[in-house]
Visitor: 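Please read through the structure below; I'll follow up with questions.
Computed from heavy atoms alone, side chains included, the values below leave out hydrogens, waters and symmetry copies. In what follows, every chain begins at residue 1, and chains take the letters A, B, ... in the order their sequences are listed.
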Amino acid sequence: MFPGDPTASGRVARIGDREMDMGDNDAIQAPVGAAAPATPEDAGPFFETVVRGSAEELLDAGAHGELDAMRHSSAHVMAEAVMGIFPEAQLGIGPAIDDGFYYDFLLPRPLTPDDLAAIEDGMRASIAADHLFVRKEVPFEEGRAFFAGRNQPFKVEILDDLAAKAKEAGTAVPRTSTYQHGSFVDLCKGPHVASTGKIGPFKLMTVAGAYWRGSEKRPMLQRIYGTVWSTQDELEAYLTRLEEAKRRDHRRLGVQLDLFSFHDVSPGSAFWHPKGQRLWRTLETAIREVQDRRGYQEISTPMLVHKKLWEQSGHWANYQDSMFVMESEGQTFSLKPMNCPESTIIYKSRLRSYRDLPLRLSEFGRLHRNERSGTLSGLTRVRHFVQDDAHIYLRPDQLQDEIKALLGEVYEVYGWFGLDPKFTFGTRPDKALGDQALWDTAESQIKAALDSLGKPYRIKPKDGAFYAPKIDIQIEDALGREWQTATIQVDLVMLPERFDCTYIDENGEAVRPMTIHRAIYGSLERFIGVLVEHFAGAFPVWCAPVQAVVIPIADRHIDGARELEALLKARQLRVEVDSSDSRMQNKIRLAQEQKVPYMLVLGDREIEARTVAIRNRAGEQENGVTWDAFIDRLAEETAARRP
RNA sequence: GCCGACAUAGCUCAGCGGUAGAGCAGCUGUUUCGUAAACAGCAGGUCCUCGGUUCAAAUCCGAGUGUCGGCUCCA
């Protein structure tokens with residue numbers, strides 16, 4: 001409902017994230033790790049009936065299936081190694097994920113980097129031994145007794161849940177499926193590679209805490225993440241990719257490019273340095289120009305708001321803990337965590353006619369949310385942020401056109417950055433509020449608008465909010481990582497009903513408008529973070545904080561440089577002069593490091609002819625360009641907002 | 001919030017019980033230079049904070065704060 005919400009699934013996926021693939025490796029459904037007896041003999045008769053699986057049984061079709069199988073097998077091998085060091089370890093689950101695998105353990109003490117090295121050694125030994133993976137099915141009770149007997153309560157819990165589920169469904173209790181390699185046995189549905197020797201080059205990456213079954217109420221286990229690939233080259237490529245992502249990290253580049261910083265006096269809130277603020281202002285000016293052209297009217301509402309507004313919106317009950325609350329004269333106020341309720345106050349400040357609609361109220365709203373301390377992360381997860389928010393009040397018959405216009409707006413804005421927006425349509429959830437017919441109409445209008453794009457889009461059934469269907473917009477950055485930025489959310493009940501918004505229709509009746517919440521950048525903070533990483537700090541010319549650096553070769557060229565600077569500034573272009581006594585080479589180096597698009601070298605020849613020698617950040621050079629020609633060119637490039 | 005790691009000069013980092021270090025940046029001087037680092041000198045630190053152990057703490061221990069990697073949450 002609150003568009004561009006940067007805290008909501010902001011980062012859809014990025015390199016290094018490992019939580020993504022848990023869905024199909026759910027503890028109940030999927031490969032689950034298990035306990036290992038020290039030796040097959042310990043396991044007793046359980047092993048006597050083990051049947052060797054053929055390679056065909058063990059593998060899914062296709063190379064991807066094989067890679068997943070190898071990753072899952074790696075998790076087993078890792079668990080084996082961990083059990084070798086901590087025989088009392090209790091095993092959680094150990095699925096394959098994007099780029100690798102993990103396994104969760106309950107251990108007697110926290111793991112250290114040395115432990116990881118030892119575990120890797122254990123894994124290498126197991127791989128060298130080339131144990132076969134063998135599958136075995138036994139009756140449920142036998143399997144349960146096995147894991148119970150080996151002090152593996154998590155495995156027993158998984159089995160009990162499977163049984164309960166079967167009972168509920170009225171089906172037979174499933175047999176217990178296990179895989180064994182060497183002496184290690186795990187509760188698991190497979191598939192696996194044929195033998196441990198098939199496991200490719202791997203590396204254990206990190207240890208992290210993870211709640212058992214993702215519940216804060218359950219114990220926290222230690223999760224070891226690993227990566228594994230078919231070839232050494234692939235492993236190295238993956239590690240290189242991580243390095244590249246690190247190199248582009250906006251938190252690192254933010255310091256390097258002097259854009260913003262964080263300070264512990266206000267955790268989760270960026271301090272914008274002059275260059276960052278210049279970038280910010282450029283983006284804000286650009287979208288404001290679009291909004292003016294597209295019929296928005298900008299408003300501004302208070303940051304400090306009485307709690308009764310949040311009670312009315314319904315958020316006090318649900319999100320009070322995440323709001324910054326304060327008392328004054330016996331009254332309770334909070335910093336606003338969203339803009340929408342206050343926009344209704346302006347909407348309702350006078351009677352609205354059907355002729356006024358659509359009424360598009362935009363606001364660069366500064367929001368504060370008291371996010372839990374452990375969730376804060378750079379610009380992508382913050383406590384203070386600004387949304388390029390808007391609330392559109394409209395008649396139901398205007399919905400489709402308005403959505404089309406908004407999709408066009410997204411294309412226009414994202415085109416400035418060369419970003420290709422992807423749309424995800426979230427439809428009516430089971431718990432939806434409001435009139436079914438209204439939902440149907442809204443959904444068909446949204447669908448028609450999306451269809452009119454002539455481009456494929458994703459549909460997530462039942463992913464809409466309980467009050468409205470929505471379109472989420474994702475972008476893919478230069479490293480192929482996907483980010484959630486914009487949203488367009490049709491609100492059928494929340495603002496219209498709870499705040500009792502009406503307009504007077506042609507018949508003089510007061511009727512309900514529909515509303516749309518939308519944000520194009522989403523959170524300016526996060527959008528800038530994404531841009532920094534996407535461009536690795538080398539912003540398009542039109543929005544670069546410093547578009548050009550004038551580089552006088554010697555001191556006698558400084559006056560000329562100042563003159564050129566003044567001419568550029570007179571055209572609103574963002575330019576600096578490097579008047580330090582460094583050599584030209586060093587000035588160029590600094591400008592390159594700052595990813596400045598144009599370096600304008602001025603020496604005797606140039607001053608004489610009122611030209612510049614242009615070097616761009618790709619290292620290409622163009623000599624003898626007149627000042628006027630360059631100024632016009634830069635002004636044109638800036639106005640065009642080319643990516 | 002939870003688990004773990006980390007916190008030393010503006011930045012990147014070394015030092016890990018016995019006088020606080022380097023490179024870059026900064027300042028001063030020399031240099032005035034043609035497309036990714038001129039040369040020299042100087043200055044720069046409550047070693048995150050508070051408490052404890054010790055003859056002695058940047059170093060060991062505890063608490064707090066922040067950051068990072070995850071988990072959970074994300075209107």
Side-chain angles (χ1 to χ4, degrees), chain A residues 1-3 5-11 16-19 22 102 104 106-107 109-113 205-225 246 249 251-252 255-256 258 261-268 310 313-323 336-341 367 369-378 380-382 465-467 484 489 494 517 551-558 580-594 599-606 613-617 619-623:
Chain A
M1 136 158 225
F2 305 102
D5 198 314
T7 60
S9 56
R11 206 174 53 172
D17 275 10
R18 302 169 184 96
E19 72 276 70
M22 294 181 63
Y102 70 78
D104 290 344
L106 186 64
L107 299 172
R109 62 167 175 83
L111 289 167
T112 66
M205 304 299 287
T206 180
V207 184
Y211 296 113
W212 168 238
R213 295 199 151 174
S215 166
E216 288 183 271
K217 298 190 168 47
R218 308 301 303 275
M220 182 159 272
L221 310 181
Q222 293 189 68
R223 174 172 298 176
I224 306 176
Y225 284 103
K246 207 170 161 188
D249 191 308
R251 292 167 299 199
R252 175 194 171 95
V255 174
Q256 240 169 56
D258 198 17
S261 60
F262 289 89
H263 194 279
D264 59 10
V265 294
S266 187
W310 315 118
S313 73
H315 291 93
W316 187 255
N318 293 321
Y319 294 103
Q320 190 183 341
D321 288 348
S322 305
M323 292 164 74
K336 66 174 172 180
M338 75 267 304
N339 299 308
C340 15
L367 305 183
R369 296 181 183 179
N370 197 358
E371 304 288 354
R372 292 158 87 176
S373 56
T375 65
L376 300 176
S377 178
T380 52
R381 190 71 182 268
V382 290
F466 64 89
Y467 44 78
Q484 165 90 40
Q489 308 188 358
M494 202 76 184
H517 310 249
I551 297 177
I553 290 179
D555 283 356
R556 64 179 177 280
H557 308 122
I558 289 179
S580 68
D581 72 346
S582 306
R583 298 175 63 209
M584 179 203 61
Q585 282 86 340
N586 191 235
K587 294 178 183 180
I588 285 172
R589 178 164 181 268
L590 291 177
Q592 287 284 160
E593 281 177 345
Q594 290 295 304
M599 285 147 266
L600 308 176
V601 177
L602 286 187
D604 291 334
R605 295 198 291 272
E606 287 76 18
I614 304 172
R615 178 197 164 105
N616 66 21
R617 59 193 163 192
E620 298 157 345
Q621 217 178 309
E622 190 180 355
N623 295 328

Visitor: Rounding to an integer number of Å, can you tell me how far A:Arg251 CZ sits from B:U12 C1'?
Guide: 17 Å
Visitor: Paired with B:A7 by Watson-Crick or G-U wobble geometry, both distances under 3.5 Å: which nucleotide is it?
Guide: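 In the structure as shown, B:A7 has B:U65 as its Watson-Crick or wobble partner.
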Visitor: Just how far, in rounded Å, is P of B:G29 from CG of A:Asp555?
Guide: 13 Å
Visitor: So what does A:Ala210 hit on the nucleic acid, given a heavy-atom distance under 4.0 Å: a base, only sugar-phosphate, or nothing?
Guide: sugar-phosphate
Visitor: With heavy atoms under 4.0 Å as the rule, sort A:Arg605 into base, sugar-phosphate or nothing.
Guide: base
Visitor: Considering every strand shown, what is the Watson-Crick or G-U wobble mate of B:C33 when both distances are under 3.5 Å?
Guide: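 No nucleotide pairs with B:C33.
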Visitor: When rounded to the nearest Å, what value does the distance between C1' atoms of B:C61 and B:U53 take?
Guide: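 Straight-line distance between the two C1' atoms is 7 Å.
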Visitor: So what does A:Pro337 hit on the nucleic acid, given a heavy-atom distance under 4.0 Å: a base, only sugar-phosphate, or nothing?
Guide: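 The answer is base, as A:Pro337 lies within the cut-off (heavy atoms under 4.0 Å) of a base atom.
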Visitor: Could you work out the separation of B:A40 and B:A36 based on their P atoms and round it to a whole Å?
Guide: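 My reading of the P atoms in B:A40 and B:A36 gives 22 Å.
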Visitor: For the backbone of A:Arg381 and the side chain of A:Glu371, can you confirm whether one donor and one acceptor N or O come within less than 3.5 Å of each other?
Guide: no
Visitor: Could you give the distance separating B:G17 and B:U59 at their C1' atoms, to the nearest angstrom?
Guide: 6 Å
Visitor: Over how many whole Å does the gap from A:Leu600 atom CG to B:G34 atom P extend?
Guide: 18 Å
Visitor: Can you tell me the Watson-Crick or wobble partner of B:A14, both distances under 3.5 angstrom?
Guide: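 Here B:A14 is not engaged in any pair, so there is no nucleotide opposite it.
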Visitor: Need to verify one output field. Residue with the more 5' nearest nucleotide on RNA chain B, A:Ile553 or A:Met220?
Guide: A:Met220
Visitor: Quick check for you: among B:G34, B:C73, B:G70, whose closest atom lies nearest to any side-chain atom of A:Tyr225?
Guide: B:G70
Visitor: How far does the C1' atom of B:U8 sit from the matching atom of B:G66, given to the nearest Å?
Guide: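 Looking at atom C1' only, B:U8 and B:G66 are 16 Å apart.
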Visitor: Using purine N1 to pyrimidine N3 plus N6-O4 or O6-N4 for Watson-Crick, or N1-O2 and O6-N3 for G-U wobble, each under 3.5 Å, what pairs with B:G26?
Guide: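 B:G26 is paired with B:C42.
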Visitor: Restricting to nitrogen or oxygen on both sides, can you table the protein-nucleotides 35-38 of chain B pairs closer than 3.5 Å?
Guide:
| unit_1 | atom_1 | unit_2 | atom_2 | d |
| --- | --- | --- | --- | --- |
| B:U35 | O3' | A:Arg615 | NH1 | 3.2 |
| B:U35 | O2' | A:Arg615 | NH1 | 3.0 |
| B:U35 | N3 | A:Gln621 | NE2 | 3.3 |
| B:U35 | O4 | A:Gln621 | NE2 | 3.2 |
| B:A36 | OP2 | A:Arg615 | NH1 | 3.3 |
| B:A36 | N7 | A:Arg615 | NH2 | 3.3 |
| B:A36 | N6 | A:Gln592 | NE2 | 3.2 |
| B:A37 | O4' | A:Asn586 | ND2 | 2.9 |
| B:A37 | N7 | A:Arg589 | NE | 3.3 |
| B:A37 | N7 | A:Arg589 | NH2 | 3.3 |
| B:A37 | N6 | A:Arg589 | NH2 | 2.6 |
| B:A37 | N1 | A:Arg589 | NH1 | 3.4 |
| B:A37 | N1 | A:Arg589 | NH2 | 3.2 |
| B:A37 | N3 | A:Arg589 | NH1 | 3.1 |
| B:A38 | O5' | A:Arg583 | NH1 | 3.4 |

Visitor: Need one value for A:Gly374: base, sugar-phosphate or nothing, where a base atom within 4.0 Å counts as base even if backbone is also close, heavy atoms only.
Guide: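 Result for A:Gly374 = base.
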Visitor: Suppose you measure atom C1' in B:C48 against the same atom in B:G23; what distance do you get, rounded to whole Å?
Guide: 24 Å
Visitor: For B:C2, which nucleotide is its Watson-Crick or G-U wobble mate, given both distances must be under 3.5 Å?
Guide: B:G70
Visitor: Considering Watson-Crick and G-U wobble pairs with both distances under 3.5 Å, what does B:U59 pair with?
Guide: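 The answer is none; no pair meets the criterion.
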Visitor: In this structure, which one of A:Met323, A:Met338, A:Lys336 forms a side chain to side chain contact (heavy atoms under 4.5 Å, CB included) with A:Arg369?
Guide: A:Met338
Visitor: What's the gap between B:A7 and B:C13 when it is taken at their C1' atoms, as a whole Å value?
Guide: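 It comes out at 13 Å once rounded to the nearest Å.
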Visitor: Taking A:Lys587 for its side chain and A:Ile553 for its backbone only, find out whether a donor-acceptor pair lies under 3.5 Å.
Guide: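 Checked: no pair found.
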Visitor: Can you measure A:Glu216 atom CD to B:C2 atom P for me and round it to whole angstrom units?
Guide: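 So the CD-P distance, A:Glu216 to B:C2, works out to 10 Å.
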Visitor: Distance between the P atoms of B:U46 and B:U54, in whole angstroms?
Guide: 28 Å
Visitor: Please tell me which of A:Ser322 and A:Tyr211 maps to the more 5' nucleotide of RNA chain B, matching each residue to the nucleotide holding its nearest heavy atom.
Guide: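 Checking each residue's closest nucleotide, the 5'-ward one belongs to A:Tyr211.
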Visitor: In chain order, what residues pass the ring-ring contact (aromatic ring centres under 6.0 Å, His included) check against A:Tyr319, with sequence neighbours excluded?
Guide: A:His315
Visitor: Base, sugar-phosphate, or nothing: which does A:Leu376 touch, judged by heavy atoms less than 4.0 Å apart?
Guide: sugar-phosphate
Visitor: Provide the distance between the two P atoms, one in B:C60 and one in B:C6, to the nearest whole Å.
Guide: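 Approximately 10 Å lies between the P atom of B:C60 and that of B:C6.
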Visitor: A:Leu221 CG to B:G70 P: how many Å, rounded?
Guide: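 Checked: the CG to P distance equals 18 Å.
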